[in-house]
There are 2 protein chains.
Amino acid sequence: MSLKTLSKSIDLLDCFTAEQPTWGVRELAKHLNMNTTVVHRIVSTFEQHGILMQNKETMKYHLGLRLLEYSKVVTEQLNIQQYVRPLLKEIMDATGESVYLTMLEGKVGVVVAVMLSTQEVKHIIPVGTRGPLYAGASHKVMMAFLDEEVQQEIMEEGLRSVTPETIVEPDVLREQLEQIRKHGWCISVGEFTEDVIGIAIPIQDSQGRVMGSVTVAGPKYRFSEEMVERSLNVLLFQLPFLRQSFNIISHIW
Amino acid sequence: MSLKTLSKSIDLLDCFTAEQPTWGVRELAKHLNMNTTVVHRIVSTFEQHGILMQNKETMKYHLGLRLLEYSKVVTEQLNIQQYVRPLLKEIMDATGESVYLTMLEGKVGVVVAVMLSTQEVKHIIPVGTRGPLYAGASHKVMMAFLDEEVQQEIMEEGLRSVTPETIVEPDVLREQLEQIRKHGWCISVGEFTEDVIGIAIPIQDSQGRVMGSVTVAGPKYRFSEEMVERSLNVLLFQLPFLRQSFNIISHIW
DNA sequence: TAGAGCGTTTCGATAATCGGAACAGTGTTC
DNA sequence: GAACACTGTTCCGATTATCGAAACGCTCTA
């Protein structure tokens, strides 16, 4: 069993998104079908701990700076600065395109580290971004190596378009996953971000379970056949080092 | 009044630090003087929401990836990428040293953006780091412009050494704050990090209230008198632009 | 094989949460 | 300028969710 009060409080916290980062008390109450008093108590408790902050002019609430500290602990624990980012940098230098480290969390992928291309035109997805496992190379390459029953569950929960290019046909997706397993890598065009190509390889632990993926991504027009092949070679060359870094991480996790 | 359950749950979350990022259920219960069952319920509720995660081998818990998303919303809201970081970059380019944007949160300072020096030897403090207002240039420069009663409260709560150089004498501190108000900037040596010089200016809103500070920091040996003066000039030159960026931010916050 | 440790579950006693109503503000409308 | 609508906030008795000792199932050590 779980704590109802805490669970509701977290649901409330989840309302604070990039799309709507500020909320009033009654506004939140309406949105969550909760009593105003209850929302107020939750919100003021969060405020006391720096997790929410109140704008004293508009009286509305927004996420607090304390959350930056939690996030700092997470990334430090992943040893991202020390182990992973140097590897991403090498891949970025060799390809010239943005590189992403994505991790598996249940049935979603989470971007945990980025190394941005130094070119003027580049692909940018911020750390912390989450998305469904069926859209985009970085996610599909993880989904392909999950148990079939989990894949089935994801498809039964419904495939929704992120972009017009997102695969929403279960049969098409199933066949693609089959191909990804066969090749050991995945290329997608515009499935998660329009006009962007992603090339991804999975990272597995010593028992062969997928933990995450590494992706090179950039604007379509820069990815000739030769460039695709080169990117893939760079990724596959770095794979053993990435695996090793992940083993260090997984000892902590 | 505040919610006891939620308050305790957040206290529990606060145990997960860089020093001790993983905890067992009974271990946490002992540390917090709480019942094991209670801790277990809190922990598993957090886990259901991705805020904590359990290592299925050691059975211990650690902070979850969901926290990265909250942090993403915070920084996006601050429009740090868009407005602030380019300014920090200019300061870094002009001085060659690491630059920090710190914000005031009650009686602590929180690092909300960094632009690291490209030199081999550099000062590094990660985003999300918190510290008392009496230690280091970035913090003292904010404290100096607070109401006197708040300053008094901070001193009454006790001044503890962060490094051997930290000012712990209330009278010395009071005089320094006086000087900072007079000059409009602050230089400190080794108060927050040993052998590191920090040069900071405050950022105030249109009503003159301190919102944060910007700091140039690097190893002591690189800061000649000339370099100190140059850094200060760079900071003061960028100040109006930084203020403007902060005004944009404060409209949202 | 016994013991000590772990995370987890159960269930009745307990105490914290809930929520309607009212308060104190601000800004808008007529 | 008074009535209204809207904020965030506080109060207090009824409600119900949380609490916690004890036990379970497991692993690891002696």
Side-chain angles (χ1 to χ4, degrees), chain A residues 1-16 20-64 77 105-106 206-207 250-253, chain B residues 1-16 20-64 77 105-106 206-207 250-253:
Chain A
M1 256 304 288
S2 71
L3 293 174
K4 218 172 163 183
T5 308
L6 179 55
S7 212
K8 278 192 288 185
S9 303
I10 300 172
D11 288 340
L12 183 150
L13 209 58
D14 286 338
C15 294
F16 293 83
Q20 178 150 6
T22 60
W23 290 85
V25 171
R26 284 175 140 90
E27 190 182 8
L28 265 172
K30 231 170 274 171
H31 183 76
L32 292 163
N33 274 326
M34 283 164 80
N35 184 291
T36 318
T37 314
V38 176
V39 169
H40 177 257
R41 263 198 302 265
I42 294 173
V43 150
S44 62
T45 307
F46 272 135
E47 193 195 10
Q48 282 167 32
H49 288 81
I51 290 179
L52 287 178
M53 293 173 89
Q54 189 179 35
N55 183 326
K56 297 301 174 193
E57 283 176 30
T58 63
M59 288 287 134
K60 293 196 171 194
Y61 289 87
H62 55 83
L63 293 181
Q77 201 180 339
E105 194 206 59
S206 47
Q207 272 91 56
S250 64
H251 278 112
I252 312 165
W253 277 54
Chain B
M1 257 305 286
S2 69
L3 293 173
K4 221 172 163 180
T5 307
L6 179 54
S7 213
K8 279 193 288 187
S9 303
I10 300 172
D11 288 341
L12 182 148
L13 210 58
D14 286 338
C15 293
F16 293 82
Q20 180 151 6
T22 59
W23 290 85
V25 171
R26 282 174 140 91
E27 190 181 7
L28 265 172
K30 231 171 272 172
H31 182 75
L32 292 163
N33 274 326
M34 284 165 78
N35 184 292
T36 319
T37 314
V38 175
V39 169
H40 176 258
R41 262 197 304 262
I42 294 173
V43 150
S44 61
T45 307
F46 272 134
E47 194 195 10
Q48 284 167 31
H49 289 81
I51 288 179
L52 287 178
M53 293 173 88
Q54 189 178 34
N55 183 326
K56 296 301 175 194
E57 282 176 29
T58 63
M59 288 287 135
K60 292 198 171 192
Y61 288 88
H62 55 83
L63 292 181
Q77 201 180 338
E105 192 206 59
S206 46
Q207 273 90 55
S250 64
H251 278 111
I252 312 165
W253 277 55

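First the proteins, then the strands, lettered A, B, ... as listed; each starts at 1.
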query = If you look at every strand shown and take non-hydrogen atoms under 4.0 Å, does B:K8 touch a base, only sugar-phosphate, or nothing?
reply = sugar-phosphate

key: B:N35 CG to C:dT9 P, straight-line distance once rounded to whole Å   = 15 Å

Separation between OG1 of B:T5 and CD1 of A:I42, rounded to the nearest 0.5 Å = 10.5 Å

query = Between A:T45 and B:L3, is there a donor-acceptor pair closer than 3.5 Å when you use the side chain of the first and the backbone of the second?
reply = yes

task = Rounded off to whole Å, could you give me the NE2-to-C1' distance for the A:H40 and C:dA22 pair?
result = 15 Å

key: Per B:Y61 side chain, nearest of listed nucleotides C:dG7, C:dG19, D:dC19   = C:dG7

Gap between atoms NZ and P, on B:K60 and C:dG7 respectively (whole Å) = 8 Å

task = Can you tell me the distance, in whole Å, between the NZ atom of A:K4 and the P atom of C:dC18?
result = 8 Å

ask   = Can you tell me how far P of C:dA24 sits from CE of A:M59, to the nearest Å?
value = 17 Å

query = A:L6 or A:W23: which one's nearest nucleotide on DNA chain D is closer to the 5' end?
reply = A:W23

inquiry  = Base of C:dG20, side chain of A:T37 - is there a donor-acceptor contact under 3.5 Å?
reply    = yes

task = Starting from C1' on D:dG8, measure out to CE on A:M53 and report it in whole angstrom.
result = 18 Å

query = Is there a donor and acceptor pair closer than 3.5 Å between the side chain of B:T5 and the base of D:dA17?
reply = no

request  = Just compare C:dC6, D:dT7, C:dT8 and give me whichever is closest to any side-chain atom of B:K30.
outcome  = C:dC6

inquiry  = Just verifying a value: how many Å separate A:Q20 CD and A:H62 NE2, rounded to the nearest 0.5 Å?
reply    = 14.0 Å

inquiry  = Can you tell me whether the side chain of B:R26 and the base of C:dG7 have a donor-acceptor pair closer than 3.5 Å?
reply    = yes

key: Spacing of B:I51 atom CD1 and A:L6 atom CG [to the nearest 0.5 Å]   = 7.5 Å

inquiry  = What is the distance, to the nearest angstrom, from the CD atom on A:Q54 to the P atom on D:dG8?
reply    = 8 Å

request  = Can you tell me the distance, in whole Å, between the CG atom of A:N33 and the C1' atom of C:dG19?
outcome  = 15 Å

request  = Measure the CG-CG distance between B:N33 and B:L28 for me, rounded to the nearest 0.5 Å.
outcome  = 12.0 Å

